[in-house]
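One structure below.
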Amino acid sequence: MRIIPVIILLIIVSTFSMPVHHSSVNISQLPPTGITWVKEPLQQVYNLIQNRFIGLIPGNYTEPSSSDYSTMNTIFGLIDTGVSQSDAGSILSASNIATQLEYQLIPVNDSATGNKYYVLMENTTVNRGWGSYLFTAEGSPSRTRVIIEAPHPVTDFNSQQIAYTIFTSAYPHVTALLVSGVERTFGPNGETDMAHRTQSIFETAHEAFTKFGSVIIQIHGFDASHHPTEPLVVLSDGDGGINGALQAIASRLEAANLSVGIFDGFTHEKLGAQKNIQGRYARAFGAGFVHSEISSIVVYNDNLLTQYENSLTQSILNNFGFPAYRIDIKIPIIALGIMSFFFVASYRFSKTRPD
């Protein structure tokens, strides 16, 4: 009789350890009604953002106040609610509050694709380097929340445009694109290095949209002449580990014949993102962090760059290959049958032995 609890345990494990697949429903949550959409090319709006990046002079960057952080956090929360719950009221409230900080929330109906987005960007009257934030207006049919980030625009070899291409190509499976408004400052203080600042509007946005189980993909670039022995792409989760999203992306890149290195705590250490602030926050909250360093060889080769962008896009569209099997009721029944057979055999065998 002592074997009965073991059998019950095995049956439970065999049942609940099966990869679960929720039937994929290709019905996206529609954008909130009552919103006035601006019909124009999204790329044109994004070009305005790219033309206003603050350069490498730290003095041009404006430090937010504690009140600014609080207000922006409220705005991000309202946008998240507005999109995820198809709530026009939250979107309109976010738009109204944004004007208090000289930001504008623009509902854009991309005339090139028909896809709908919300673009949160500074008014043309100010340029403080606080960043711009783009959101898909439709809820993703995928259960995995994906955020793409470009903390080092321009400085990291046009990383902001690469991030934008993946964001739009994977519509609506990427929730948000977060783009710093200032180029990276090098040096001991790193005043405008948004990947290494514990306080910034960029980090506020990252924390607002990072949830348990979400995936954050951060786009960076490195100079091949400074790292001649590195592969074309180096991936890292920031602490030498590996997560499912990172592994799926690596496989896609390798299938596209792009050489890939993965930081394991030692190899590729200089590109391992060990001090990345967004990575630390993501790991602490149970989110998958993928830090992608792209060689300048890839960035300046159209074919290689297209392969890179397509690989990441397909990884997202495929939901990173996360468990996609239905629970087959036959499997626990078969397991129960096998366990019952062994139970009966064990019981009968025990009766043949003397007491």
Side-chain angles (χ1 to χ4, degrees), residues 26-53 72 75-99 101 103-124 130-142 144-150 153 159-181 201-202 204-206 208-211 214-217 219 309 312-313 316-317:
N26 293 321
I27 301 174
S28 301
Q29 195 167 18
L30 297 176
T33 56
I35 303 294
T36 303
W37 297 92
V38 178
K39 192 166 187 177
E40 61 180 308
L42 182 67
Q43 180 68 67
Q44 184 173 304
V45 177
Y46 195 64
N47 287 341
L48 294 176
I49 291 171
Q50 296 191 83
N51 291 335
R52 303 183 74 239
F53 289 132
M72 287 299 289
I75 294 169
F76 291 136
L78 287 167
I79 293 173
D80 194 7
T81 300
V83 173
S84 62
Q85 299 182 19
S86 192
D87 179 9
S90 293
I91 296 296
L92 294 173
S93 295
S95 181
N96 290 333
I97 297 174
T99 61
L101 290 184
Y103 260 87
Q104 53 186 326
L105 181 61
I106 310 171
V108 179
N109 183 351
D110 184 9
S111 57
T113 63
N115 296 334
K116 292 184 175 181
Y117 302 86
Y118 298 114
V119 180
L120 183 65
M121 58 185 291
E122 288 185 305
N123 294 340
T124 55
W130 289 2
S132 299
Y133 308 93
L134 286 73
F135 311 92
T136 53
E138 296 181 82
S140 169
S142 167
T144 303
R145 168 179 288 222
V146 181
I147 310 296
I148 297 181
E149 300 179 346
S159 57
Q160 79 284 349
Q161 182 61 44
I162 298 170
Y164 171 86
T165 299
I166 299 167
F167 169 66
T168 52
S169 299
Y171 184 92
H173 294 265
V174 179
T175 299
L177 169 62
L178 315 182
V179 186
S180 170
I201 300 299
F202 182 88
T204 301
H206 170 80
F209 288 94
T210 297
K211 309 295 183 183
S214 57
V215 172
I216 290 77
I217 302 174
I219 308 298
E309 292 169 342
L312 265 72
T313 299
I316 295 168
L317 293 177

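Scope of the values below: all heavy atoms of this structure, side chains included, with no hydrogens, waters or symmetry mates.
Considering only residues two or more places apart in sequence or on other chains, F53 meets the ring pair (Phe, Tyr, Trp, His ring centres under 6.0 Å) condition with none of them. The ring pair (Phe, Tyr, Trp, His ring centres under 6.0 Å) search around Y103 returns none, not counting sequence neighbours.
Between F202 and Y133 there is a side-chain heavy-atom pair separated by less than 4.5 Å. Between L92 and I35, some side-chain heavy-atom pair lies under the 4.5 Å cut-off. Contact annotation: the side chain of H206 never approaches that of I147 to less than 4.5 Å [non-hydrogen atoms, C-beta and beyond]. Side-chain contact between I217 and V146 is present, with at least one heavy-atom pair separated by less than 4.5 Å. Annotation: side chain of I91 is not in contact with side chain of D87 (no heavy-atom distance under 4.5 Å). Proximity of L134 to I49: side-chain heavy atoms (C-beta onward) are separated by under 4.5 Å at one or more points. With a 4.5 Å cut-off on side-chain heavy atoms, V215 and I316 do not count as touching.
Shortest non-hydrogen contact noted between A163 and A150 is CB-CB, 4.2 Å. In this structure, S111 and P41 approach most closely via the heavy-atom pair OG-N, 3.1 Å. The shortest heavy-atom contact between F76 and I201 is CE1-O, 4.1 Å. For A94 against I79, the heavy-atom pair with the smallest separation is CB-CG1, 3.8 Å. When all heavy atoms of P31 and W37 are compared, the closest pair comes out as CB-CZ2, 3.7 Å. In this structure, Q104 and E122 approach most closely via the heavy-atom pair NE2-O, 3.6 Å.
Note that the CG atom of L178 and the CG atom of L120 stand 10.5 Å from one another [nearest 0.5 Å]. Rounding to the nearest 0.5 Å places CD1 of I162 at 11.5 Å from CD1 of I148. Atom OG1 of residue T168 and atom CD of residue E309 lie 9.0 Å apart, to the nearest 0.5 angstrom. From E40, atom CD reaches atom CG of D110 across 9.0 Å, with rounding to the nearest 0.5 Å. Distance check: Y171 OH to T113 OG1 gives 7.5 Å after rounding to the nearest 0.5 Å. The line from OH of Y164 to CG of L177 is 9.0 Å long, rounded to the nearest 0.5 Å.
Of the possible donor and acceptor atoms, one in the side chain of T81 sits under 3.5 Å from a partner among the backbone N and O of G77. Checking side-chain atoms of N51 against main-chain N and O of N47 turns up a donor-acceptor pair under 3.5 Å. For the pair S132 (side chain) and M121 (backbone), a donor-acceptor distance under 3.5 Å is absent. Put simply, the side chain of S214 never gets that close to the backbone of T210: no donor and acceptor are under 3.5 Å apart.
Crowding of K39 atom NZ: a count of heavy atoms from other residues, nucleotides or ligands under 6.0 Å not exceeding 12.
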*Report the C-alpha separation of I219 and F167 in whole Å, then their side-chain angles, then the decisive distance to 0.1 Å, and conclude whether the side-chain contact (heavy atoms from CB on, under 4.5 Å) test is met.*
CA-CA 11 Å; I219 308 298; F167 169 66; over 6 Å; no
*What do the steps show when you test T175 against K211 for side-chain contact (heavy atoms from CB on, under 4.5 Å), and what is the final call?*
CA-CA 12 Å; T175 299; K211 309 295 183 183; over 6 Å; no
_side-chain contact (heavy atoms from CB on, under 4.5 Å) between Q44 and V108, intermediate numbers included_ = CA-CA 11 Å; Q44 184 173 304; V108 179; over 6 Å; no
*What do the steps show when you test R145 against D80 for side-chain contact (heavy atoms from CB on, under 4.5 Å), and what is the final call?*
CA-CA 11 Å; R145 168 179 288 222; D80 194 7; 2.8 Å; yes
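The six-membered or imidazole ring of F135 lies near that of F209, with a centre-to-centre distance under 6.0 Å. Annotation: Y117 is not in aromatic contact with Y46 [ring centroid separation under 6.0 Å not met].
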